[in-house]
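Structure record follows, encoded as structure tokens.
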There are 2 protein chains.
Amino acid sequence: MSVTLKQLAASLGLSPTTVSRALNGFPEVNAATRVRVREAAERLNYHPNTRAKSLATGRAQAIGHVIPLSTSHEIVNPIFADFIAGAGEVYGQSGYEMILRVVADAEEERAYGDLVARRAVDGVMVHGPRIRDGRVPLLDSLGIPFLVHGRTSEITSPYSWLDINNKRAFQRATQFLSDLGHRRIALVNGLEDMDFAARRRRGYLEALDAANIPPDPALMRQAEMTEPYGYRAGMEMMRLPQPPTAFLASSMIVAYGLRRAMSDLGLKLGRDISIVTHDDELSYLPNDGDIPMFTATRSSVREAGRRAARMLLQLVTQPTDAPLTEMMEAALVLGASTGPAPK
Amino acid sequence: MSVTLKQLAASLGLSPTTVSRALNGFPEVNAATRVRVREAAERLNYHPNTRAKSLATGRAQAIGHVIPLSTSHEIVNPIFADFIAGAGEVYGQSGYEMILRVVADAEEERAYGDLVARRAVDGVMVHGPRIRDGRVPLLDSLGIPFLVHGRTSEITSPYSWLDINNKRAFQRATQFLSDLGHRRIALVNGLEDMDFAARRRRGYLEALDAANIPPDPALMRQAEMTEPYGYRAGMEMMRLPQPPTAFLASSMIVAYGLRRAMSDLGLKLGRDISIVTHDDELSYLPNDGDIPMFTATRSSVREAGRRAARMLLQLVTQPTDAPLTEMMEAALVLGASTGPAPK
DNA sequence: GCGGGCATCCAAAGCGGTTTGAAAATTTGA
DNA sequence: TCAAATTTTCAAACCGCTTTGGATGCCCGC
């Protein structure tokens, strides 16, 4: 079924040393021998035992992803799957394994400690950073390479991250709406202890300020990003004495909810009411076509996964003190859901 | 930072043998010594190196999940994240690692062979089985424990699986609609080379047959399950000379699309038009509340992940020739989206 | 007082690779 | 042609753990 290096060597009348070197491309082995070894390996279906290899080399050849399962809000972030898909692609190409831990919030830090102490991974990816996130100092102290998908505002020490420019995206979206004459612009945000949501809010507020629009707490919400949340937010805000003429949604799913609310109210998107949403380009929530349904700040989370993986692998293979950072800009794509503010 | 067994033993003035046995609960070690060892292990933050341990024991202590990334339809199944979350929970409790491989369709079988040959996993989970799926015989021949989430119809040899009763769920849903007087019932299905979709179709057809309703190809569609697909299917079918009075949707997302179409057409769910959808209870697509939005065949995919993981671990730890199978029934929960057929 | 039985502990081999230091085979140079 | 230099190969140690097969010391009964 499968052979060990020793068996392979024996079948060739060679020592394990030579076989190992032949397969790993060391120079001190005869070209003819190398060919012979390669062929035999192929023929006998030899694959090095991962465990043995990484025990011998001291490299785990694996990256850890710890997925927190909030006990408070039992939600699995929907963008997670696409990010993982992108990262997984890259790991696969580079011969790295992806190991996943799903843990309760409270055990998350222990999970990292455990992964590191057991030498199970060479690096870890940090998902869903909060504004103030203990994982960054923790991983720093554990001395393992890590990369944050997103950022965490209240950390001053440098660390590696890949993020999209959430603040600018929402600032641009807000400005775009105010340029269209909207002055009642609502923000239907994700939970604002999440760093990305906090940044979006800042971008929104800055743009309002620049347009001399006083922020109105009645037009700002935050919650878990579900469809019913979008719907409720839309319905309730439209019942305000001075309802919004435009909405900023933090995700496609929330935008779906908003759209349904507007539809129930008999309002036509792009004419009676405007919506701009953030679009992570999740494969099952497409917002494309000749004219996308929604005007959106668009940024592929799958691509983010790919890049994040590449960065993390670089941190792992070429250790350096200088952290790696990358900011991805979201495109503002025009769809059918926006138009000038109605008089 | 972290200690090896040898160091721990040295610091205690004991042999590695004794320390290993003390920590792993073997009987031939003095109770007092065991306590002493445990305390030292705690104090020095000792965690056994996974690689070394599994090399020595021959058990990888890991389960592999291979996620196919179709090149044709670049979609990451949205239910995947919740299933993984459920399975991951169980692995964590049992001291198993979850390793994930994201691979292109064409390389999927090679990925399994590779995982097995490198002894990287003790068992594998098979996702998204097709009607005819080569992975089952492949894994059989590789001689590794595996469990299929779903089933594959065209395989006669026994294998282990966990599935929901898709056929009965859709048969019941269809019958429910026909009991309400509907005779034009549309099926907006997922891709029918996927086994689950084929079974749903069979359930649908059987129920039509039982109700003496001739099936109409114009009322049956299959595609990748996205919101726009649901919308288009709804719009186009409603334009038929004899439009449906009820829809069966294969997922919440498709149902969202259908709902939007009906709304655009000015039709009220539960009065003018009925929708029954399958609801996987994805955490970010809730369909609950006092009266759920949709009447649905409901079955938690997260729970399926938990159970599947438990079964697979059992197969791994207590090898047996008798395969394990489990059928979960979907509940038919009444929501606001169904009502008697309009005259 | 001595062999047998038990409770504890340990040395050493082994898991399947990599890597160091040295030996064997081959080529080179005078 | 033979020693030296260079290739090419190998034996053995090691990675960190488990596990087999004894050792060791102690208590017991006769």
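To find a chain, count down the sequence lines: A is the first, B the second, and so on, and within it residues start at 1.
Nucleic acid contact class of A/Ser20 (heavy atoms, under 4.0 Å, all strands): base. Looking at heavy-atom distances under 4.0 Å, A/Thr33 makes contact with sugar-phosphate atoms alone, never a base.
Rounded to 10 degrees, the angle separating the terminal helix axes of the helix from C/dG1-D/dC30 to C/dA30-D/dT1, each built from five base pairs, is 60°.
Using a 4.0 Å cut-off, no side-chain N or O of B/Thr18 falls inside it from OP1 or OP2 of C/dC9. Note on A/Lys53: a side-chain N or O is less than 4.0 Å away from OP1 or OP2 of C/dT18. Side-chain nitrogen and oxygen atoms of B/Asn24 include at least one within less than 4.0 Å of the OP1 or OP2 phosphate oxygen of D/dT18.
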Original post:
So B/Glu89 and B/Arg306, salt bridge (charged side-chain N to carboxylate O under 4.0 Å, His left out) or not? Walk me through it.
Top reply: CA-CA 7 Å; B/Glu89 255 179 62; B/Arg306 286 195 203 96; 3.0 Å; yes
**OP:** Under the salt bridge (charged side-chain N to carboxylate O under 4.0 Å, His left out) rule, what do B/Glu303 and B/Arg307 come out as? Steps first, then yes or no, please.
**Re:** CA-CA 6 Å; B/Glu303 176 61 19; B/Arg307 294 200 197 182; 3.1 Å; yes
Is there any protein nitrogen or oxygen under 3.5 Å from a nitrogen or oxygen in nucleotides 21-23 of chain C, and what are the pairs?
none

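Toward the 5' end of DNA chain C, the nearer of the two residues B/Ala56 and B/Gly13, judged by each one's closest nucleotide, is B/Gly13.
Put simply, the side chain of B/Asn24 gets close to the backbone of B/Ser20: a donor and an acceptor are under 3.5 Å apart.
Taking the six-membered ring for Trp and thresholds of 30 and 60 degrees, A/Tyr159 and A/Phe146 have nearly parallel ring planes, at less than 30 degrees apart.
The CG-P distance, from A/Leu23 to C/dG16, rounds to 17 Å in whole Å. For A/Lys6 and D/dA12, the NZ to P distance is 13 Å, given to the nearest whole Å. Protein atom CG of A/Leu14 is 14 Å distant from nucleotide atom C1' of C/dA24, rounded to whole Å. The interatomic distance linking B/Leu8 (CG) with C/dC10 (P) rounds to 13 Å, in whole Å. Here D/dC15 presents its C1' atom at 13 Å from CG of B/Leu5, a figure rounded to the nearest Å. Distance CG (B/Leu12) to C1' (C/dC9): 13 Å, rounded to an integer number of Å. With rounding to whole Å, B/Arg118 atom CZ is found 12 Å from C/dG17 atom C1'. Atom-to-atom, CG of B/Asn49 to P of D/dC14 comes out at 18 Å; the value is rounded to the nearest Å.
Surrounding CD of A/Glu28 are more than 12 heavy atoms belonging to other residues, nucleotides or ligands, all under 6.0 Å away.
In this structure, the ring of B/His149 has its center no less than 6.0 angstrom from the ring center of B/Phe196.
With contacts defined as side-chain heavy-atom distances shorter than 4.5 Å, the pair B/Arg59/B/Lys53 does not qualify. Within the 4.5 Å cutoff, no side-chain heavy atoms of B/His65 are placed close to those of B/Ile99.
Under a 4.0 Å N-O distance rule, the pair B/Asp114/B/Arg110 does not qualify as a salt bridge. A salt bridge does not link B/Arg132 to B/Asp195: none of the charged side-chain nitrogens sits closer than 4.0 Å to a carboxylate oxygen.
No hydrogens or angles considered: nothing links the side chains of B/Ser54 and B/Thr57 as a donor-acceptor pair under 3.5 Å.
Between B/Glu97 and the choices A/Leu115, A/Val121, A/Leu100, the side chain to side chain contact (heavy atoms under 4.5 Å, CB included) rule is met once, by A/Leu115.
Residues from residues 25-32 of chain A that place a heavy atom under 4.0 Å from any atom of DNA chain C, listed by number: A/Phe26.
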